[in-house]
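Since the structure comes first, as structure tokens, the remarks are kept for the end.
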Protein chains: 2
Amino acid sequence: MAALARNLDVAKSALYNHVASKQDVLRLMEERLISQVDVAGFGCGPWDEAMRRWAWSYRDVFSKHTPLIPVIAVLPVADAPRTLEMYEAVSSDLAAAGIPNSKIVPSIVAIESLVFGAAFDVDAPPDVFDGCLGGFSPSFAVALQAARAAEIEEPRHDAAFNLGVEALLEGLKALLT
Amino acid sequence: MAALARNLDVAKSALYNHVASKQDVLRLMEERLISQVDVAGFGCGPWDEAMRRWAWSYRDVFSKHTPLIPVIAVLPVADAPRTLEMYEAVSSDLAAAGIPNSKIVPSIVAIESLVFGAAFDVDAPPDVFDGCLGGFSPSFAVALQAARAAEIEEPRHDAAFNLGVEALLEGLKALLT
DNA sequence: ACCTGAACACCGTTCAAGT
DNA sequence: ACCTGAACACCGTTCAAGT
């Protein structure tokens with residue numbers, strides 16, 4: 001709230017004429033961010049292509065605002081019309097794809113979990129794995145070296161998220177359709 | 001730091017004789033939590049069974065300490081010997097399972113992303129989806145009703161995490177072996 | 001209706017002073 | 001080696017007072 005007031009060239013207390021609390025500000029931010037997530041793929045074309053597009057843009061939007069993730073995970077969606085709109089688009093495509101009704105919400109939550117976790121990963125410094133080549137963990141060391149070699153083509157966190165999304169979609173297809 | 005000092009019946013400033021900063025405390029907590037994660041399944045039996053066991057205990061441990069997730073996602077693992085130990089156990093099983101070296105780190109990061117996201121989901125109140133049955137989102141409403149019906153057998157977040165883990169493992173098998 | 005400024009109860013961290 | 005207490009620069013929120 002202090003930083004927000006500073007940016008608006010206004011006293012902190014002035015904010016409370018427009019907003020009830022910090023939580024309230026975060027709720028407004030959530031709606032704005034969710035409306036930036038790309039759901040245009042749903043309702044046209046193959047459902048897995050739409051899911052892929054949705055997941056990537058969802059991750060990109062929240063990787064720039066990771067402090068919001070703990071907030072939105074706990075926020076009742078009834079207060080968030082844009083979020084509800086997004087879920088409706090996803091649900092209707094999953095239903096059309098033949099996913100059983102009882103598995104639609106679990107599928108959405110599973111992908112969202114991957115998206116949120118991956119958003120933190122994007123936020124992490126590029127050197128999280130630095131200095132791990134000691135002889136104490138030989139298997140991990142060779143895996144890390146192979147990952148580093150592949151990094152010139154694709155950033156580490158993109159490679160992981162790509163594999164996660166593709167494996168998850170593949171698995172959902174295999175298990176639910 | 002204030003609460004910690006309170007619990008220890010000591011002045012806040014006394015903490016700094018034992019620890020450099022709050023970040024330092026969180027690093028110590030990370031190590032303690034990671035050492036509670038069950039890696040006993042690795043090195044014996046089928047790799048997917050070991051991964052399942054690992055993922056569930058990993059989620060359970062961190063769902064009780066979600067504020068630590070943003071911290072550990074950004075923490076260099078070189079400073080965390082127990083974490084390194086855990087990665088070594090996972091890596092060696094994935095390599096033995098025939099996963100290409102260049103895909104081991106991405107596989108681990110993908111599962112970890114799912115685990116961290118799911119940990120937030122466990123932490124969420126049971127009524128996140130309450131009051132969403134309005135006519136504005138028909139597909140999501142029926143999906144939600146089906147999910148609620150299944151909830152008497154298995155909690156909502158367990159059903160989602162179960163599907164996520166099973167689909168991810170299935171997908172990794174299909175794509176990488 | 002919207003602003004300011006002072007106040008309150010908190011933070012994490014530092015540092016001089018003690019034992 | 002380890003503690004205390006005061007101090008500092010921050011928070012989010014409230015409230016009386018202004019326009």
Side-chain angles (χ1 to χ4, degrees), chain A residues 1-36 61-83 116 119-125 127-128 130, chain B residues 1-36 61-83 116 119-125 127-128 130:
Chain A
M1 303 302 278
L4 180 56
R6 229 155 21 227
N7 276 303
L8 295 173
D9 269 315
V10 101
K12 291 182 292 178
S13 49
L15 300 175
Y16 292 85
N17 286 299
H18 306 272
V19 127
S21 63
K22 183 181 179 178
Q23 189 71 15
D24 203 16
V25 175
L26 295 170
R27 226 200 51 238
L28 294 169
M29 287 186 67
E30 187 213 348
E31 281 283 278
R32 174 159 295 211
L33 287 186
I34 286 285
S35 72
Q36 287 173 28
V61 166
F62 278 92
S63 62
K64 285 170 216 135
H65 302 275
T66 52
L68 272 174
I69 294 176
V71 178
I72 76 156
V74 165
L75 221 64
V77 309
D79 301 348
R82 313 295 300 254
T83 307
F116 290 153
F120 281 114
D121 191 41
V122 174
D123 206 35
D127 59 330
V128 255
D130 269 15
Chain B
M1 302 302 276
L4 179 57
R6 226 152 28 223
N7 275 304
L8 296 173
D9 268 315
V10 102
K12 290 182 292 176
S13 50
L15 300 175
Y16 292 85
N17 287 298
H18 306 273
V19 127
S21 63
K22 184 181 180 179
Q23 189 72 14
D24 204 17
V25 175
L26 295 170
R27 225 200 55 237
L28 294 169
M29 287 185 66
E30 187 214 347
E31 280 284 277
R32 175 158 295 209
L33 287 186
I34 285 285
S35 72
Q36 287 172 28
V61 166
F62 279 91
S63 63
K64 285 169 214 134
H65 302 275
T66 53
L68 272 174
I69 294 176
V71 178
I72 76 156
V74 165
L75 221 64
V77 309
D79 300 349
R82 313 296 299 253
T83 308
F116 290 152
F120 281 114
D121 191 42
V122 173
D123 206 36
D127 59 331
V128 255
D130 268 15

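Hydrogens, waters and symmetry mates are skipped; everything else that's a heavy atom, side chains included, is used. Quick note on labels: first sequence line is chain A, next is B, and so on, each numbered from 1.
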Side-chain donor-acceptor pair under 3.5 Å between B/Thr66 and B/Asp123, yes or no? yes
Base of C/dG12 paired with side chain of B/Ser21 (donor-acceptor, under 3.5 Å): no
So A/Glu30 and A/Val71, do their side chains get closer than 4.5 Å, heavy atoms only? no
Take the protein atom NZ of B/Lys22 and the nucleotide atom P of D/dC11, then report the distance between them rounded to whole Å. 14 Å
Taking the side chain of B/Ala2 as its heavy atoms from C-beta onward, which of C/dT4, D/dG12, C/dC11 lies nearest to it? C/dC11
In whole Å, I'd like the distance from the CG atom of A/Asp9 to the C1' atom of C/dC3. 14 Å
If you compare all heavy atoms of B/Ala124 against all heavy atoms of A/Ala73, which two are closest, and at what distance to 0.1 Å? CB-O, 3.2 Å
Between atom CG in B/Asn17 and atom P in D/dG5, what is the gap in whole Å? 14 Å
Taking for each residue the nucleotide of DNA chain D bearing the nearest heavy atom, is the 5' side occupied by A/Ala14 or by A/Arg6? A/Arg6
Shortest side-chain distance from B/His18, nucleotide among D/dC3, C/dT13, D/dT14: D/dC3
Integer-rounded Å distance: C/dG5 P and A/Leu15 CG: 14 Å
note: B/Tyr16, atom OH; C/dA17, atom P; distance rounded to Å ~ 21 Å
According to the interplanar angle, ranging from 0 to 90°, do the rings of B/Phe120 and A/Phe120 count as parallel (below 30°), tilted (30 to 60°) or perpendicular (above 60°)? parallel
Residue matched to D/dC10 through Watson-Crick or wobble contacts both under 3.5 angstrom: none
Once you round it to whole Å, what is the distance between P of C/dA6 and NZ of A/Lys12? 12 Å
Considering only heavy side-chain atoms of A/Ser13, the closest of C/dC3, C/dG5, D/dT13 is C/dG5
Please state how far atom CG in A/Leu4 lies from atom C1' in D/dC11, giving the value in whole angstrom units. 14 Å
Heavy-atom closest contact (B/Lys22 atom, B/Met1 atom, distance): CA-SD, 3.7 Å
For C/dG5, which nucleotide in any strand shown is its Watson-Crick or wobble partner with both distances under 3.5 Å? D/dC15
